[in-house]
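Comments concern the structure below.
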There are 2 protein chains.
Amino acid sequence: MERLNRKERVAAILKILSDNPNKVISLSYFQENFNMARSTLSEDVTILKKVVEDIGVGSVETVAGPTGGVKFVAGIKEEEKERFLLELCESLKNPDRIMPGGFLYTNDLIFSPDITNKLGIIFASYFKDKDIDYVLTVETKGIPIAMMTARYLNVPLVIVRRENKVTEGPTVSINYVSGSTKKIQTMCLSKRAVKRGSNVIFIDDFMRGGGTASGIIKLMEEFESKVVGIGVLIEVKTERKLVQDYVSLLSLEKVDEENQIINIYPRIL
Amino acid sequence: MERLNRKERVAAILKILSDNPNKVISLSYFQENFNMARSTLSEDVTILKKVVEDIGVGSVETVAGPTGGVKFVAGIKEEEKERFLLELCESLKNPDRIMPGGFLYTNDLIFSPDITNKLGIIFASYFKDKDIDYVLTVETKGIPIAMMTARYLNVPLVIVRRENKVTEGPTVSINYVSGSTKKIQTMCLSKRAVKRGSNVIFIDDFMRGGGTASGIIKLMEEFESKVVGIGVLIEVKTERKLVQDYVSLLSLEKVDEENQIINIYPRIL
């Protein structure tokens, strides 16, 4: 890399940190690549802390110790989060989304990179202090949101399957009862997907009775691992859920197919 | 936002552009938010072009005209791409990955955010000039890579399902013959997922006979849309494929279960 002047270098360092969210990058990496003194780098980091806070996209944090350095942690301002979730609700209230059977079509939103990316940042910021080893999801619709959450936490994504696949080698399967339909369902996970003694979070797009989430907790017991957080985008308001401790961003109160009315609102406001 | 000085502002503008890959942001957005003159902004953009090129993470491009502005396009240097793909091959050659039946376990790699993110940048840079409307994939394993590709192209992801789902409303289904096993397979897509007259690319983790890719081309005909690009991470070396025009990053020549040998190499070197 050629020698950059200060304003170029500050931008370059932020770009590198921000491309590697939640990853500690050693100070010597920057010193060597930008050919700069430690004291100058410290000043640059101070500038970056201010910039990131000022535009409200997270924080730049200094990590002390031998494996220390500096890292970017993605975040979102409270008012920006509220605005975003309210907009999402407005879009979800469109009666055009009601499918036969009272289901809600959401794919265009939850697979839209802008939205998926913001949801990843929001979920990651709920769980960032929990020392997570993996982000789990069950195929299929929650995968994009879970992938973005994994990216901002900088941990691997694990996709639990609905049936056994030859490409995954020996698997652990469990049966569980769906919270809403009371049907027996299966989930399978490759034995090598999760190391014993891990902390995982479960991320999904939708929760009705909580059967899937509760199934994931049982599945993780088979891996001697622990679900330390559950995050869902939309929860359906029900009398009782099979799990108690979870974060949901939106609450779906009613889909009235006859009168074409959808009641949904941000949960956290 | 409080008034930032120049080095802070340059970093802030790059962060905002880089958080919105392939999205044109108007110059007036920055002028208003950072309270700056057009001439100063032009100078800042010139600095950013140099920084981004220098650290090899893509380009900052100026778009002229009434809807014009400036955008960040993610990219990767050729030598960095080669290094990354060679490392990936080294990791894939580990005999521990051979599953009964000669399948290769790849989930830990293709679901690892660092790798998935780089693959998204690589695929996006192949197809960025093709005026893409959607990135398509078929559930399940290709979804994370396809999501990242969609993010860097700034277009929606569309997930084709293996069976009909009640949450997706009316669907179009097609049957197709697998290129390798010659089995009849089905794929389904919600009628509202793709607008008529769209250009799409198909992204997947694995291609054997090309049956799935060729199925996707047929499916898109039902939507009066066109597959203008196909990208797969690993292609299995076969005599003949059902599709000819595709990009593959790695070529899998042999998985020798008996002698525990995997031959795989980067395709583009």
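Numbers restart at 1 for each chain; the letters A, B, ... are given by sequence-line order, proteins then strands.
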Region of L104(B) that comes under 4.5 Å of a non-hydrogen atom in chain A
backbone
By a 4.5 Å heavy-atom criterion (distance strictly below it), what part of K165(B) contacts chain A: side chain, backbone, both, or neither?
neither
SB check D114(A) R151(B) (cutoff 4.0 Å)
no
Just wondering, do I143(A) and P144(B) contact through their side chains at under 4.5 Å, heavy atoms?
yes
Identify the two heavy atoms, one from A150(B) and one from P113(A), that lie closest to each other, and give their separation to 0.1 Å.
O-CG, 3.5 Å
Looking at side-chain heavy atoms only, is the closest gap between E139(B) and R162(A) below 4.5 Å?
no
Start with the C-alpha gap between L4(B) and D54(A), add the side-chain angles, then the distance that decides, and say whether side chain to side chain contact (heavy atoms under 4.5 Å, CB included) holds.
CA-CA 9 Å; L4(B) 298 175; D54(A) 198 69; 3.5 Å; yes
So which part of A193(A) gets closer than 4.5 Å to some heavy atom of chain B, the side chain, the backbone, both or neither?
both
Atom CD1 of I55(B) and atom CD1 of I16(A): how far apart are they, to the nearest 0.5 Å?
4.5 Å
Chain B contact via T106(A) - side chain, backbone, both or neither, heavy atoms under 4.5 Å:
neither
Residue, of I115(B), V158(B), D96(B), that accumulates the most heavy atom pairs under 4.5 Å with chain A:
D96(B)
By the definition side chain to side chain contact (heavy atoms under 4.5 Å, CB included), identify the one residue from V51(B), L17(B), V57(B), L48(B) that meets it with K15(A).
V57(B)
Determine whether I159(B) and N107(A) make a side-chain contact, defined as any pair of heavy atoms from C-beta on separated by less than 4.5 Å.
no
If you tally heavy-atom pairs under 4.5 Å against chain B, which of A146(A), S112(A), S190(A), G101(A) wins?
S190(A)
Of all of R192(A), M147(A), R161(A), which one pairs up most often with chain B through heavy atoms under 4.5 Å apart?
R192(A)
Just so I understand: if I count every heavy-atom pair under 4.5 Å between each of L153(A), V166(A), D108(A) and chain B, which residue has the most?
V166(A)
Within a radius of less than 6.0 Å around NZ of K49(B), do more than 12 heavy atoms belonging to other residues, nucleotides or ligands occur?
yes
Beyond-backbone contact of L14(B) with L14(A), side-chain heavy atoms, under 4.5 angstrom
no
In terms of heavy-atom proximity below 4.5 Å to chain A, should F206(B) be classed as side chain, backbone, both, or neither?
neither
Contact class of V155(A) relative to chain B, heavy atoms under 4.5 angstrom:
backbone
Heavy-atom cut-off 4.5 Å, strictly under: side chain, backbone, both or neither for N20(B) against chain A?
side chain
Atom group of N22(B) that falls short of 4.5 Å from chain A, counting heavy atoms
neither
Is Y152(A) in contact with chain B via its backbone, its side chain, both, or neither, using a 4.5 Å heavy-atom distance?
side chain
Give, as side chain, backbone, both or neither, the part of V135(B) having an atom under 4.5 angstrom from any heavy atom of chain A.
neither
Heavy atoms only, distances under 4.5 angstrom: which of R9(A), M99(A), R6(A) has the most pairs with chain B? Name it, please.
M99(A)
Contacting region of F103(B) [heavy-atom separation from chain A under 4.5 Å]
side chain
Kindly check if the number of other-residue, nucleotide or ligand heavy atoms within 6.0 Å of CD (E53(A)) is above 12?
no
